[in-house]
Amino acid sequence: MVRLSEAEWKVMGVLWEEAPQTIMQLTRCFQETTGWTKHTIMTFLKRMEDKGAVYYEAGERAKLYYPKIERREAVLQETEEFLERVFDGRMGLMLNTMVEQKALSGTEIAELYEILRRAEEAQQDEEEEQYLSGKDGERI
């Protein structure tokens, strides 16, 4: 399990979008918006390497950094931790809070309906498959 700080998420976002990146490329990417220096980026990358989030290969003139974890994996882990920490693991409580605070746009509500529709179809397909299978997984 890899835990990323907010700053590390920013670096990973760049690496997920376009890897490999050198320290200087990452510094140029963040210097104007964050003020991070080359040494700051080096510190982040070393810490992220120790966590198992990135790795590097020796390039001709500089180390080339790559993400070691998939974005999907990191997002899922972060989402599960957030949900557990803030909403006691209850998705319904989180969604209810969002609705009560009017934090969802019409587009987001439509997206949620579509996600739930697909989840319901997948659940029905799984239940049908289980029903059609015998106890040891053989079809009846």
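The first residue of the sequence shown is numbered 1, and numbering continues consecutively from there.
- Y65 and M24 are members of different hydrophobic clusters when ILVMFWY side chains are connected at heavy-atom separations under 4.5 Å.
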> Do R71 and E17 pass the salt bridge (charged side-chain N to carboxylate O under 4.0 Å, His left out) test, and can you show the C-alpha distance, the side-chain angles, and the key distance before you say yes or no?
Replying inline: CA-CA 10 Å; R71 181 189 299 246; E17 289 299 316; 2.9 Å; yes
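- To the nearest 0.5 angstrom, R28 atom CZ is 6.0 Å from T22 atom OG1.
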Please tabulate, one pair per line, all N/O donor-acceptor pairs under 3.5 Å involving side-chain atoms of residues 39-48, not counting sequence neighbours.
| from | atom 1 | to | atom 2 | distance (Å) |
| --- | --- | --- | --- | --- |
| T40 | OG1 | T37 | OG1 | 3.2 |
| T43 | OG1 | H39 | O | 2.9 |
| K46 | NZ | D50 | OD1 | 3.0 |
| R47 | NE | E8 | OE2 | 2.7 |
| R47 | NH2 | E8 | OE2 | 3.4 |

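- For E18 (side chain) and L15 (main-chain N/O), no donor-acceptor pair under 3.5 Å exists by modelled atom type.
- Taking CD of E127 as the start and CG of L132 as the end, the distance is 12.0 Å to the nearest 0.5 Å.
- Hydrophobic clustering places M98 together with I109 (ILVMFWY residues linked when any side-chain heavy atoms are closer than 4.5 Å, directly or through intermediates).
- Counted within 6.0 Å of CD on Q101, heavy atoms from surrounding residues, nucleotides or ligands total 12 or fewer; the atom is thus considered open.
- Counting heavy atoms of neighbouring residues, nucleotides and ligands inside a 6.0 Å radius, atom OH of Y56 does not exceed 12 of them.
- For E32, the CD atom is loosely surrounded, since the number of other residues' heavy atoms within 6.0 Å does not exceed 12.
- A salt bridge does not link E49 to K63: none of the charged nitrogens lies less than 4.0 Å from a carboxylate oxygen.
- Atom CD of E70 is surrounded by 12 or fewer heavy atoms from other residues, nucleotides or ligands within 6.0 Å.
- Here L64 contributes atom CG and E57 contributes atom CD; the two are 7.0 Å apart, rounded to the nearest 0.5 Å.
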>> Checking R117 against E114 for the salt bridge (charged side-chain N to carboxylate O under 4.0 Å, His left out) test, could you report, in this order, the C-alpha distance in whole Å, the side-chain angles of both residues, the deciding distance, and whether it holds?
In response: CA-CA 5 Å; R117 185 192 62 74; E114 180 60 22; 2.4 Å; yes
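- Side-chain heavy atoms closer than 4.5 Å link hydrophobic residues (I, L, V, M, F, W, Y) into clusters, and following such links, possibly through other members, connects V99 to Y113.
- A 4.5 Å side-chain heavy-atom check between W16 and P67 finds at least one atom pair inside the cut-off.
- A chain of hydrophobic side-chain contacts below 4.5 Å, direct or via other Ile, Leu, Val, Met, Phe, Trp or Tyr residues, connects L104 to M91.
- Shortest non-hydrogen contact noted between T27 and K38 is OG1-CA, 3.5 Å.
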Kindly list each side-chain donor-acceptor pair under 3.5 angstrom involving residues 79-90, sequence neighbours excluded, with atom names and distances?
| from | atom 1 | to | atom 2 | distance (Å) |
| --- | --- | --- | --- | --- |
| T79 | OG1 | V75 | O | 2.7 |
| E81 | OE1 | R3 | NE | 3.4 |
| E81 | OE2 | Q77 | NE2 | 3.3 |

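- The side-chain heavy atoms of L112 and L95, taken from C-beta on, include a pair separated by under 4.5 Å.
- Side chains of F30 and K10 form a contact here, defined as non-hydrogen atoms less than 4.5 Å apart.
- Looking at residues two or more places apart in sequence or on another chain, you find a side chain to side chain contact (heavy atoms under 4.5 Å, CB included) between V2 and L4, K51, A53, I69.
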